[in-house]
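Working notes, beginning with the structure itself.
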Amino acid sequence: MIPFLDLHRQYLTIKQDIKAAIEDVIEQTAFSGGPFVERFENHFARFCDTSYAVGLNSGTSALHLAMEALGIGKGDEVILPANTFVATAWGVSYVGATPVFADCDEYYNIDTQQLRKLITSKTKAIIGVHLYGQPCDIDALLAICREHDIYFVEDAAQAHGATYKGTRVGSFGEMACFSFYPGKNLGAYGEGGGVTTNNESYRNKMFSLRSHGSQVRYYHDEIGYNMRMDGIQAAVLDIKLQHLAQWNNKRNQIAEKYLQQINNPLVKLPLIRKDVVSAFHLFVVTVPDRGRFMQYMTENGVATAQHYPVPCHLQKAYSFLQYKKGDFPKSEYLAEHCVSLPMFAELTDNEVHKIINLVNNFK
Ligand SMILES: Cc1ncc(COP(=O)(O)O)c(C=O)c1O
């Protein structure tokens with residue numbers, strides 16, 4: 001079986017370094033926060049070309065703290081795409097604000113044409129998600145945000161290292177939120193997340209909030225959380241960060257083969273913007289008869305997945321917002337027909353070749 005994702009193959013290529021790094025953390029008993037987290041934060045900020053990075057325990061916490069650091073709360077609205085992993089909306093809900101969903105464009109990212117009509121006097125921010133690793137239309141989003149004096153926040157959970165007009169994502173908005181969930185392009189060996197920013201006061205606020213609202217131990221200035229990154233995750237991420245650009249290149253080479261060589265009228269390939277380099281976290285096609293296609297792939301030894309089968313506005317958790325089927329046709333079409341093909345740097349040429357042949361032979 002060709003797996004959808006095989007993290008073990010990657011581990012084998014960096015095993016010695018990972019083991020040494022983990023041992024180092026244990027020897028120094030630097031388990032929560034501490035020097036390994038600080039070092040990774042410095043390296044990740046440099047990678048994203050931002051002044052600061054804040055290491056956290058998940059991407060969901062990153063979105064939560066970004067909203068809180070911006071002072072967003074009850075009565076406020078935040079616009080975000082319906083086509084995203086639901087955690088993009090969780091941060092908005094956690095601070096008591098209301099998520100306002102928008103449909104996607106032909107690149108499967110937030111449709112910037114629709115946004116102006118969604119903006120009200122309550123709108124405080126737009127979250128642009130770089131879904132599947134492809135940067136969204138950042139210039140258009142920044143222009144709308146400036147015009148209406150609202151914040152722009154990037155959800156870059158799937159896009160570590162992707163570029164927009166030559167610049168890596170992570171520095172375009174007030175803040176950018178990253179997930180280091182194991183399966184991500186830069187994945188920890190457990191849970192992890194982070195925020196990048198150029199704004200020192202946001203960084204300080206998040207430093208406090210992630211650690212019980214405290215800057216001096218046992219003195220608590222505000223109600224905070226325990227959202228610190230742990231030392232082992234930081235040490236693992238620091239090793240893996242050194243390989244990220246190369247792994248992303250490999251993903252791009254595989255994507256290029258899929259894009260060039262898959263040729264089947266029943267399988268629609270993703271569109272990639274001319275001004276970006278995607279991180280290709282996922283390679284998502286659409287197929288009218290998805291069930292039959294996925295079964296065919298499985299029966300022929302290739303695992304596939306769906307990202308995501310239900311758009312945010314139709315999730316039961318958000319039924320109280322009273323969206324209905326038909327509100328966002330493009331997101332809904334995608335949810336019903338999307339199929340993700342295997343995509344990870346260690347896929348072999350033979351495997352890629354087999355996947356392409358199989359897809360081309362689907363009738
Ligand atoms: C687009 C997006 N946003 C947010 C998250 C949340 O990240 P985490 O799972 O690390 O909490 C994820 C990943 O799962 C994601 O894909």
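Note that the structure is predicted; figures quoted are calculated from it, not measured. Counting starts at 1 for both ligands and their atoms, following the listed order. By convention here, the first residue in the shown sequence is residue 1.
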For [atom], what's the nearest protein heavy-atom neighbour? Residue, atom name and distance, please.
atom	answer
atom 12 (C) of ligand 1	Phe85 CD2, 3.6 Å
atom 16 (O) of ligand 1	Gln158 NE2, 2.8 Å
atom 10 (O) of ligand 1	Ser179 OG, 2.7 Å
atom 15 (C) of ligand 1	Ala157 CB, 3.5 Å
atom 11 (O) of ligand 1	Thr60 OG1, 2.5 Å

* Side chain, backbone, both or neither: which part of Lys184 comes within less than 4.0 Å of ligand 1 when only heavy atoms are counted? ->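 Within the 4.0 Å criterion, Lys184 contacts ligand 1 through side-chain atoms alone.
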
* Structure fact -> The answer for which part of Asp155 has a heavy atom under 4.0 Å from ligand 1 is side chain

Any chance the side chains of [X] and [Y] put a donor and an acceptor closer than 3.5 Å?
X	Y	result
Thr120	Glu77	yes
Gln261	His353	no
Thr50	Asn198	no
Asp238	His43	yes

Counting from 1, what ligand 1 atoms have a heavy atom of [X] closer than 4.0 Å?
X	value
Ala87	4 (C), 5 (C), 6 (C)
Leu63	4 (C)
Gly192	10 (O)
Ser58	10 (O), 11 (O)
Thr84	1 (C)

* **Under 3.5 Å: donor-acceptor pair, side chain of Asn109, backbone of Leu131** =>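 Yes.
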
* For Phe31, all residues meeting side-chain contact (heavy atoms from CB on, under 4.5 Å), sequence neighbours excluded -> Val25, Ile26, Thr29

* What do you reckon, does His130 put a non-hydrogen atom under 4.0 Å from ligand 1? ->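 Contact check His130 vs ligand 1: negative.
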
* Closer than 4.0 angstrom: is that true for some heavy atom of Ser61 and an atom of ligand 1? -> no

* To do: Might you work through the salt bridge (Lys or Arg N to Asp or Glu O under 4.0 Å) test for Glu106 and Lys330, ending with a clear yes or no?
  => CA-CA 8 Å; Glu106 67 269 38; Lys330 285 188 183 139; 5.5 Å; no

* Just jot down the side-chain hydrogen bond (donor to acceptor under 3.5 Å, both in side chains) partners of Asp275, sequence neighbours excluded, or say none. => Arg273

* Asked: Checking side-chain contact (heavy atoms from CB on, under 4.5 Å) against Pro342, which of Leu5, Leu347, Asp6, Ile254 comes through?
  -> Leu347

